[in-house]
Amino acid sequence: MRNALPPIAVIGAGFSGTMAAIHLSRLMPERPVLLCEKSGAFARGLAYATGCSDHLLNVRATNMSAFPDLPDHFSRWLESCPLDSVALTRSTPAGLFAARGLYGRYLTELLLAALAEPGPAPHLMLEHDEVVDLAPEEEGFYLTLAAGRRRYVAGAILACGNLRAPGNPRSRYAVDPWNAEPLDDLRPDLPLLIVGTGLTMVDAVAALRQRGFAGPILAVSRRGLLPQVHAPTAPWTAPDVPAAARRSLVALLRCVRAEVRRAEAAGADWRSVIDSLRGASIELWRGLPLGEQHRFLRHLRAFWDVHRHRMAPPAAEIIARERIGGGLTVLRARVTGIEDRAGYALVTLRERGVAAPRVIEVQRIIDASGVGRVADTDDLLLRRLMARGLIRPDALGLGLAVSDNLAVLDQRGESGRRLWTLGPLLRGTMWECTAVPDIRGQAAELARTVVSRLRDASPCAARETA
Ligand SMILES: Cc1cc2nc3c(=O)[nH]c(=O)nc-3n(C[C@H](O)[C@H](O)[C@H](O)COP(=O)(O)OP(=O)(O)OC[C@H]3O[C@@H](n4cnc5c(N)ncnc54)[C@H](O)[C@@H]3O)c2cc1C
């Protein structure tokens, strides 16, 4: 790498990192882009690595283009797919829903096309390893990989995605919903417990049945709310929220409810109103005082999530069938105790409105209760960056604090270093930043920001790979 411009690193190759890297490599042919991924699978991430054909996108195919300026890009790609891929899509009155694994194939093809772009030198490079540290050096960083190698990079984008909640629940029978291996030896006679009743639970039930588990499944959450189902919608104009209502959660909720009533009176569906808020939600979120954001997380988040992130109709049918047939029981309950025994765990549940605790024997506990917080993360890179003072959690502790152009803020609140982020790590700052329709524009915009920052800077001395 002597005498070449040092690369810009993109850390994480899920949707966010893959798309940021593709945009960067197109916009900045003069500088290499180093896309690093620890899982072994590029262009998949947590969402699109699944091989379960019942794991469907929870967004219609028509809204899953990877490019903000080419809205029908994914739909056209689907049309060009061979017939065996079409079998991985489900056409419903609410629209077409593709398997998430198929979407992963779409992203992989986009990445392969970017890698094959002709040029004097390969400028998009893949690094199959975990990035475990970034040590500031002049304007850039020395990046350390888990295998111990170090190399100099001119800057970095943290696209590390959804944080997992570490070590929860504490039991040797606890299973990560995204790692199915410990589910190979299930018994048909003992129940399996899922903590959480959202989309991850829906996925877990579908995967368990597809793997042939025929035993009883119990899903619990404090409110016992299941995600709503997609239905046909029509475009609806987002409500004009008065300035006074923008600072109060109660007033905002009233405003949305009034809009839903107006929509229903006009023959439209509540889903159209919720969908219409997508474009406005970041501004609305950022306008809420911190106390109101906290109140939203405590009291409204669960309700918002089930209306905002809906099930594809075929996924809803699986859940309905399971509940009617008695295979799946959903309870409004909290787990108050877990005792590991030989071959099973004894779990104590406190059901809402029931005085006596319920004690059940379960063979596994799947934690589908949601994503983790930055302060509790066991992610090596984020912990090291925090220890170095290079990043800090946002005010709610859900993700990273950033400037308006997505440069991360350091412990002193400054954003001078060439370190940026996007995607789910912006959850606290933007709230709506976890799905493809939110992230695709962010990836394109961030690439433009990074390129203009790097081009504005004085040329950086080239360094050797250590
Ligand atoms: C199960 C599930 C289903 C979803 N379904 C949909 C859907 O249908 N439609 C939709 O629009 N959105 C969906 N989403 C939302 C999804 O989060 C976004 O669409 C998008 O995939 C987020 O991508 P990401 O790259 O930011 O994060 P992730 O997908 O989490 O990817 C982050 C990547 O970074 C890697 N990584 C992390 N740290 C390091 C490191 N230090 N070094 C190297 N690599 C690292 C990880 O291995 C991972 O591959 C779903 C999310 C989940 C979890």
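On a predicted model such as this, the values are computed, not experimentally measured, just so you know. Counting starts at 1 for both ligands and their atoms, in listed order.
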Scan side-chain atoms only and decide if R427 and N162 contain a donor-acceptor pair under the 3.5 Å cut-off.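 Yes, because at least one side-chain N or O of R427 sits under 3.5 Å from a partner of the opposite role on N162.
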*Are D379 and R383 within salt-bridge range, i.e. N to O under 4.0 Å?*
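Here D379 does not pair with R383 in a salt bridge, since their nearest N and O are not under 4.0 Å apart.
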For the residue pair R323 and L226, establish whether any side-chain heavy-atom pair is separated by less than 4.5 Å.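 They are in contact (side-chain heavy atoms under 4.5 Å apart), so the answer is yes.
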query: Tell me, do Y173 and L193 make a side-chain contact under 4.5 Å, heavy atoms counted?
result: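 Of all side-chain heavy-atom pairs linking L193 with Y173, none is under 4.5 Å.
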Kindly list each side-chain donor-acceptor pair under 3.5 angstrom involving residues 57-72, sequence neighbours excluded, with atom names and distances?
unit_1: R60; atom_1: NE; unit_2: A94; atom_2: O; d: 2.5
unit_1: R60; atom_1: NH2; unit_2: A94; atom_2: O; d: 3.4
unit_1: R60; atom_1: NH2; unit_2: A231; atom_2: O; d: 2.8
unit_1: R60; atom_1: NH2; unit_2: T233; atom_2: OG1; d: 3.4
unit_1: N63; atom_1: OD1; unit_2: R440; atom_2: NH2; d: 2.8
unit_1: S65; atom_1: OG; unit_2: F67; atom_2: N; d: 3.0
unit_1: S65; atom_1: OG; unit_2: F67; atom_2: O; d: 3.1
unit_1: S65; atom_1: OG; unit_2: L70; atom_2: O; d: 2.6

Tell me which residues fall inside the under-4.0 Å heavy-atom shell around ligand 1.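 Within 4.0 Å of ligand 1, protein side: I11, G12, A13, G14, F15, S16, C36, E37, K38, S39, G45, L46, A47, Y48, L57, N58, V59, M64, R100, D129, E130, V131, A159, C160, G161, N162, W178, D203, L381, P424, T434, A435, V436, P437, I439.
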Going through the distances and angles, do Y106 and F74 end up as a ring-ring contact (aromatic ring centres under 6.0 Å, His included)? CA-CA 8 Å; Y106 165 67; F74 179 56; 4.8 Å; yes
